[in-house]
Structures are given as C-alpha cells and as structure tokens.
Amino acid sequence: MDNLTLSIYRKACGTLKYKLVRTTKVNKQYKKAPTAEDILADETVKALKEITNDIQDIVFKEIPTSEGIVTIIHSSSLVEKQTLEKSILIPLCDYIHQIHQLATPVDLKDFKGIIEKLVGGHTLMYFQQTHQLLSMDTYSAPTRAITDTATESTVIGPQDAFTESLQTNISLVRRRIRNPMLKNEDRILGTESNFKISILYIDDLVNKENLNKLRQRIDKVHYPIFTDISMLMQAIEDNPLSPFPQYYMSVRPDTISQYLLDGRIIIFMDNSQAAIVCPTSFFEMFTSIEDYYNRWTMASLLRMLRFFGFFLTILITPTYISALTFHPEILPYELLLNIQESRSKVPFPPIFEVLFIELIIEVLREAGSRLPTKVGQTIGIVGGIVIGTAAVEAGLVSNILIVLVAVSALLSFLPPLFLMSNTSRFVRYIFILAAGFFGLFGQMLALAWLFAHLLRIKSLGTPYMTPFIPRKATDLLDSVIRFPIAFTKGRKGISRAQKK
Amino acid sequence: MSTQTKKILNGYHVVFLVQSAMLGTAILTLPRELSAVGYSQTVFPLLFGVIASLTLWPMIWLNRKYPNENLFRINELLLGKVLGKIINVLIILQITVFIAGTITYYMDLIHSTTLPEQTNTFPLILLLLLLLYIVSGGIKSIARFCILSFFLTSGIYYFSHWAFQKGIVSHIFPLFNFNSHELFDAMKRGYLAVVGYELIMFYFPYIKEQNKAFKHALIGIWISISLCFITVFISVIYYSEWQLKNIKFSVLNLLKAGELSFIERIDVFAMTLWVFLVISTLAVYLWSAKKGMESISDKKKKYYLYILAIVIFLVIKLPFTRDFHEKLYKVNDYLVYVLIVWPIFLCIIYLLRKKQVQS
Amino acid sequence: MSRKFLFIATIFAAIFLVGCSSKEQRVPLEDVGMVGIVAFDYIDENTMQLSIAIPQYSSHAQKNTEVFSVTTELASKGIIDIEALSDKKITFSQLRVVLIDEKFARIGDLQRTIRHLYRNPAAADKVLIAIVKGVSAKELIEADYPDKPNINFYLNDILKPTINTAFNPNTNIHDFVYTGTNPVIDPIIPVIERKDQKIEISSVALFKNNKMLETISAEDAYIIQNLQKKHKIAPLSITLNQGDGTERLVFNIVKSKVNIKSNKNIDSPKLTISLVINGALIEYKGKRNSSLYTSEGLSKIENDIDKQIKNNIDQFLDKLKEYQVDPIGLSEYFRMYYNGKWTKEMTEDITSKLQIDVQVKTSIISTGTLD
C-alpha cells in the first residue's frame, strides 16, 4: 500500500468511526450498516475528484440508473464518445446487468493503480447506492491508419508498416504468425510517463537465457520518459558507449515476423513506430527483408554492396588524404598529375579540404531533412550543383575530391538501418583524422581499433561479429552471399533457438 | 584462485592464438636472418617446424599435469615459492623487453617506409593504447582478433605472385649447401621467426578441450611454418644471394615487384596492414605478462596492464644509444630460447619429485 | 569501467594528437615535384652530371617538363642541390626511368649508383633502366619531341614490355641489382637512341663485371629472352638461306618451350638446349610460295627454319663465349648441382669451356590468311 492509499484509508477509517457512531444513534437511516469497504470506496471517489481537479479532460458524470445513481469517471481525450456511449452509457441505462458482467471491480487498496487506469483510458463507474467501484477498458484514443512505410520501403513484398499504436502493431505481427506459442509480455516503463512496452517472443523457440537477461535489463531501466523505442534501445544495450547500434530496428511487420520465427525477442513500445530485435549481429545490420524476396543472385550482390560499401565509405576519403599527404607513390602517375593540377589552386592541406567538404555534405543532409520535402529537394540541388561546382571553380576543393566525397556519401546511405548509416558517417571522421596525421598507418590503426571494438561488443550477450566468427556453420550460407532459399532454412546461430 | 579458471577457448581459438603469436615482425626479415646459408635456406622453415613441434610436446605434457595452472604457477609449485617467483619475474621482464623490441622494430619499418618525416612517439602511444584496449578484453577477445587479423592479412600473400613468376626455381638447389657453422648461425638467428608458440603455457588453463590442445597447437604452428616457408621460398627464387644478405625487409621488396592498375605500390599497404599481425602477436605476449604480474602478487588488478604499458613505453623511449637498444633486444631474443627449453627442465623436476613421493 | 575509459581515451587521444602533429610541416601534394626520369652523365672519375625530369601539371607552364641538372659526386648530394634549385620538394616516389649515358655505363660505377636508388624506400623496384647512345642522357630528356605528350610518359611507354619490342629485357633496378650481384648471370640493359625526333630501342648492352662491354642486336637479344624461358608472344622475322635462295618470313610465335639440360660436370660442361616453337607463318617472301599449301612443303620449311634458328643461336652463343659473358644465366644449370660456394670466376670458366648442343623443333600451326 503506497502512502496515498494509506492516507485515504486513514481518512476512511475516521469517517467509518464517525459513521458507526451515527449509525448507532440514527439506526433507521440506513438499511444496512456501511462496511469498511463501502466507506473506502466512497473516500476513494472523493480523493479521485480532488486529485483530478486540475485535469480538465477527466469527466465526472452522474447518471441515474435502476440501481441508483452511478458516477462515471473517464478521460474525454482517451475515450471516444462513441465508445463511451456504446459500452457504458447505453448498457447502464438499458441493460445494467451487462455492466456487472463485463466490468471488473477495482482494487480499492491500490489507489495509484486506479489513477493509472483512469489516465490509461479506463472508465470508472461508481455505484453510489451499493458502493461499488467498477472499471472497464474503454481506451479508444484516435490512431493513425496503417500506411506503407516511408523509411524502409521495398519494391517487392508487403507494403504495410507499423503505426504508433501498440495494439495495431501486435495485431500486424499476429496475423502473420498464427501460433499459440507467440507470447507477449506487457510492461509499464518510464518513471513518470507510465507507458506500455510489449516483449514478443515465440515460447518454444526463444532462448530462455536471453529472455531472462532482457527482462532483467528492462526491469533495471530507470528513466523518466522514452519518446521512441530507439531511446529504450540505448538503455538496454550491452555497450551504450559504442557508436554502433546493437539491436536491429524495423517498422516492417514482415521483418519483425521473420526475426521472431528465428527465435529472437522483439520489443514493441506504445507510441513508437519501430520495434527492436534482440540480439542482432553486426552483419544483420546490412540485411534487408527484401534480400529474401529477390532472387539469390541479386540479393547476394546487393548484400555485398552494402557490406563492403560500409568499409568503403569509411575508407575512401581517408585514403585520399593519406595518398596526398604521405604516400603519393600509391597512385598512378597520370592520376597524380591530375590531382596536382586540380589541387594547385586549393589553399589548404588535404585534411582540411576533406573535412570542409564532408561537413558541407553533413550540413546539406541535415538541412534537407529538416525542411519540407519540396524545399528539401531544392536544397539538394543548390547544394549539389551550385556549391559543388562553385567550390571547385573557386579553388576551395579539388574536383576529384568532390567525386570521392559524393560516392562515399552515397555509400553511407546503403545500409537499410539508418542508425548504421549514421554510425558509418561518424566513424569516417575518426578515420579522416587518423589518416591526416599518420597516413595509411593511422588508417590501419583506426581499422584495427574498429575491428577490435566490433569483436568486443556484444548484443544481448552474443558476440556482435557473428557470423564472421560463426556460431554455426550454416550461418555462412546466409551471410554476405545469400544462398538459395533451400539453404537458408535453418535458424541463425545468434538466436540460440531451442529448435534447430 | 586458479582452480576455478573458466574454460573459454575453443579449438580454433587455440589454433589462431598459436599461429598469431608466432607470426609477427620476425618473418619480414627471415630471409636475411637465414642468409648465412644462402640459397639453401628453403629447408629451414620446415626444420624449424619440426623443432617447434618437438619442443611443443613437453610444454603440453607439463600443462596437462596441471590443467588449471599456467606456467607461472607451475614454476612456483615445482621450484618452490621463492625461486619460482624469481623465475617468473625474469619471464615477465623478458616478455616486456620482447614486446618493446618488436614495437621498436616495427616502428623502424614504418618510419623508413611510410612515415619518413615523422617522430614515432605519437604513433607509438596510439599503438600501445590500442594494444591495451585489445588485451583488456581478455584472452578470448584476443583470440578473436587473432583470427580476424590472420584472414585480413593472408591476402597479402597473393601479391607475392609477381615475384614468384619472375623467380627462378632452380635457386633452391642444391638443398643442403652449407656447413655446420653456417647452419648454427642461421638456426640461431632465424628461429626467432617461429617463437611464440611457447605462450600456450600461459593460456593453457583456459582451453576447453585440453586433450586436443596439442593437435590444435600443431595446426597453428604449421600454418605459421607454411607462411614462413612461402616467404623464404619466394625470396630465394627472386633474389640473388647478395640481395638476401643485404635487403633488410625482404617481404617489403617482394611486394614491390608488382603493381595493380589503380594501386601502384602494394608494399605500402601491406606494411601498414602488418600492424594487425604485430598487434595480435603482442596482445598475446602482453596478456601473458599481465597474468605473470597477477600470479606474483596473487591479486587480480587491472592497473598491472597499464604499468606494463608504461614500462614498455619507457624501454622503447629510454635515452640510450641505438646500439645499446639493439644489444638489449638481441640478448633478450636469445633468452626466448631458454624459455622454450625451460619446460623440459621442469618436466625432469616433475618426474624426480614424483619419484621421491613414490619412494 | 576501465573498458569504457580505454574506449574514450583511444578516441580522445586520436583527436588531441591531431593538434600535436600539425606542428610538423608536411608538404602538400601540389608542392611536390615527382621525378619521372633520372639521368646520369659521365664527367670524370669522381663527378657526374645528375639530371632529373619533373612533369609540369600547370597549364600555364610553357613546357610540360621541367629539367634540372647539377654536377655532383654523390647521387644523394645531387638531389639536395637540385632541391635548392627547384621550388618544389623532390621525391622519387614516382620515378619511372633511369637513363645512363654510354660512357657512364662503360667506365662509371653503375652498380653503386643504381643501388643508391634501390635502397631508397620511396622508389619502386620497377624503375626501368636504359642506356643512351649518341647523345648525353641530359640532352635526350631536354630534346623536343613535338608529337609526344610528355617525355616522362613517353620514355616509360617505350621501355615497357610490348609485343613489338619483345627483345627488350625491360631491365629494372631490381633486375640490375639481381643480375649484377648474382655470380651466374650478367646484366643486360636496353640501349635507346634519338632518331628523327623520336626515341627508339636500338640494341641491348652486355655487361661484364658491372661495366658495359658490347651491344648486341635485337635479334640476338631476342634469343636471350627466349632461352631465359620468358615466354613472350612476339613476331620473329627470319631470313632463310638454306638452298632455295634468300627467303624472308615473319613468324608469329604462339608458344615456345625451352628445355635446358646440363651434364652436371663443371670440368667439362655441356648443355643440351631443346627449343620447341609453335607459331603461325604470317608473311613469306621467296621462291617456295606454292609449297606453303602442301604438308610436305610446310615440313620442309619447318626443317629449314629449325636449321636457321639453330644456326643463329649457335652463332650468338659463340659470340658470348668470346666475350666470356653469360647474360642468359646458363651457368645456373651447373651451380644447382654444385655443393659449395659459387664464384664469378667459376661462371667465367664455365662460359669459356661450355659446349652447347642446340636442338630446335618448329611447327607451323597455321599459315594464317596467306595466299
């Protein structure tokens, strides 16, 4: 019993004593002596009224029914009028026995719980005559319709995407996996905001050790509010300091269903469009569900592009710096003369030249993403054509660098996971600095750091670098090269699923 | 403390730990170290392989007798606490100076090939920091890094094919064209290229399948030996005997032989990529030294690693003459040979003690 | 805790070190003069003239190549002197060609000069060497080649392996150091000449004891290439003089196979060289035009070619014997069976005593589109 409930309880006890005294005095006034419960219910409603005094959308309404006056308490912003009418008002007036069948009595000893119910969209009904406090879930906040995804669209495959409603999202998964073993555990998180998350898993596939580890981590989370699941993700990661995302995130029900069937654990959050997949390997950050929709040849090609593209994008511009400042011998003679010519007007050393143009690209991207689509396009054109060509002509950067930066910027957008593409852009700066000061040697040191880091971090206790250090030999059949569907039937080693 | 050692290393981890610890910078100059025997050096890597396999056996035998103890503890158990600790301190010193020597050596290479106009203090600090980062992850994380660096760098061997095409295979004949003095000289200087497998005595307690450890370590040894063999073989067919003797980094010049259409010089890439091999070798050594510190003080402390790193940095940067440094490293290198035959000595003590107990 | 600390420390160290090392002056690429050609000319016993050619990238420059030259005693001293002349930092990292004038090759210490470059880690091993005949090396690079883009690329292209100059040994600095220090083989270097505003490879120079001895013709140099088992596909033109008057034919070698066997005896050395050549006859001028279409006629021509090639090889080997040089490395076939130290004298001894039995087997696999 929390403090609040206790104080109400005490108050109720006081009233009870007083009333009991009165009862003995004026015995005929009551048909039946009020019990402690009744008075507690009375006081609870009073306290509710007091507490919600400043909440304008909590409505108290008294309705006369065949069982006396009933006070209806609900939040008008979370409960639609139609729902209220259909499930509360009409039954109250016409079929009151229905209410008793459907509504559940609340636990009066848990005052906090009652308030949470109220702000969670329940409707409370207080029967003044019988001192009964019932509640019914009437949550019917307006939601967005299911639309297709703007962030992870594919040409082939289902086009529906999750919405911000937890119910809708779970339903989108459940209609794909009709399996009684698909369980979902709800948790309330957020010390201030009390929102719901749901942990989905398939009971006879999921690795129990992983599941327990995840439960423990979620229980330990202590944070006032998560406005998106990506924040929760950072709170339950193994290495929060790492620049790499350690769980896959998707808004596609098909991706999520596929991972569920592989034995992973999925977390949904109310009011958050994406779901996260635990655990995930580094390589899976470069896979997309479309790889399974495409023929295996094309899928393999695309995967190779994305995966090696990641390393290219962090190495192209640093190599330009290394070659120009430290090792002109690695480039062909003719190319070097071209670069010399185009750099002859550039006043800064290559590292500042690269940093300058890389930052401009970042600025363009950031500006483009903040502006409305139509203006954003204009910004792109202005940035790409006007600044690009003008910078070369003004002699601020060499034209070869423009090509390299553009290529590496494009490559950085290849990973299907946007967080990964952001990571690649960040890591590139480390490489640029390393190359600027120690040339190729610095680059290799940075690369060694990158690999050492990737080898050390874990995703829910599983090494991040699987399947390069495969947990199962069959993982290799579905890695950089996706073998034909018949070979990719087995579950991934990283899931450590109960069934093969 | 060591009775509950967690068994974490799989078979393939052992293979690559052994392999990576052997393959460091010494292979770069192996043909030069072996140049006393001229063109006949092709057989030497194979000879080294046989010797390594033979000396590996007593190590594994001894460790199998104490499945939960590393060499430091075994020293204490067999030689008594005081003598054992003195020996352990010597081993740690040897390893520390060895690491310093290897880093100096590699930094020299980097300095002369890729960063000629720069002091090596900052690259050195970065290298040490990186080393600390990898070692602090524990032996399994080191093993993973070893696997990765092997696969990343094995591609370099492809680029020696130009030298192979240009070479004249008949150089390797006659196979045994040397006298005993030359043989001894080449053995003494060249065997350094294959040391490193003796570190298995330090991480043996962590191996899961200890009864198969000998087999796995052998695989590791022979992977390294075959790479040494390829290096020496291609050097022999590509160079003249004068070149074998006078070219400092023969692998570097082997890679200079060819070019790709978009990259003119593979040697620059290869030499900087070699940092992976250097780090993976040194990580195993540094980890062993840290274990030694722990066994001496009977405590597990993270800062031992930092102390070691600082000592290494100081050894490299001590304001002694270059000559002194070179001598220090050379003497230290020969001490490795003592460490390799050391287990044989321990085995004898073990057997003697056992007999005493029985009688 | 310490893991996180290390992680952050690594990143920050990288960032902070940026500030530290920016003190060091690093020359950006556009201020680097990338030497394409180095030329050595003989002045006297101690001094030489060192010239370098640097391509000019600027479109405003009048000439596309800058040439600097100094008189110096040591190559490295010369480079420093040139840096004082030039506005750029001189680097050898893109060096392509080393030119040597004939006098330097004959008298100067070429091996030491080349080794200086060989030791320089910036210079690649595949820098090609050529001897300049007629003019000095400096004059050759300073001369005008109106219809050629840039002397740096032009010279490199000439010296690079091509089908039409299959006789060119393409000696690079590694080859020169290798052959110069290997007792069983003597270096050869192509000789270039300037003719009518063009440069051509005219012959190949033989070296003995690291000094230039004699030049040999392209045909003879081609034999060296062939016997060294460098299978080059190249047209071979032969003049037959085997009873049917003078016949000329051009033979395109598709495949050639050399097998050299020694008797392993260094006191009375004997080598058996068998040469199998498969090729296509692409041009024929002579009396036996009609017999090209019968198999008997062809086999007779094949026989005649065999004899002619054998003749040529024999003559060439006799010449080598006379000079006591071994550019093919024939003594390697004795060294590989000899236990002990091999010396230069033994090679000379073998070369002078060597008996060679040459067997040639030619087969014409097609007569192409001849009529």
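Owing to the predicted nature of the structure, the values given are computational and were not obtained by experimental measurement. Below, read A as the first sequence line, B as the second, and so on, with proteins coming before strands; counting in each chain starts at 1.
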*Apply salt bridge (charged side-chain N to carboxylate O under 4.0 Å, His left out) to A:R456 and A:D238, showing your working.*
CA-CA 10 Å; A:R456 278 183 66 160; A:D238 299 51; over 6 Å; no
*Any chance the rings of B:H161 and B:Y158 have centres within less than 6.0 Å?*
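Yes, the ring of B:H161 comes within the 6.0 Å limit of the ring of B:Y158, centre to centre.
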*With a 4.5 angstrom heavy-atom cut-off, which part of A:L447 approaches chain B: side chain, backbone, both or neither?*
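Both parts, backbone and side chain.
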*Parallel under 30°, tilted from 30 to 60°, perpendicular over 60°: which one fits the rings of B:W162 and B:F159?*
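Ring orientation, 0 to 90° scale: parallel.
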Which portion of [X] sits near chain A, non-hydrogen atoms under 4.5 angstrom:
{"X": "B:I263", "answer": "both"}
{"X": "B:Y106", "answer": "side chain"}
{"X": "B:L152", "answer": "side chain"}
{"X": "B:I279", "answer": "side chain"}
{"X": "B:F151", "answer": "neither"}

*Taking only residues at least two apart or on different chains, which pairs with a member in residues 303-316 of chain A satisfy side chain to side chain donor-acceptor pair (under 3.5 Å)?*
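Every side chain to side chain donor-acceptor pair (under 3.5 Å) pair that includes a residue of residues 303-316 of chain A, provided the two are not neighbours, is A:D291-A:R303, A:D291-A:R306, A:Y292-A:R303, A:R303-A:D478, A:T313-A:R428.
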*Can you name the nearest heavy-atom pair linking A:L331 to A:A323, along with the distance?*
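Between these two residues, the closest heavy atoms are CD1-CB, 3.9 Å.
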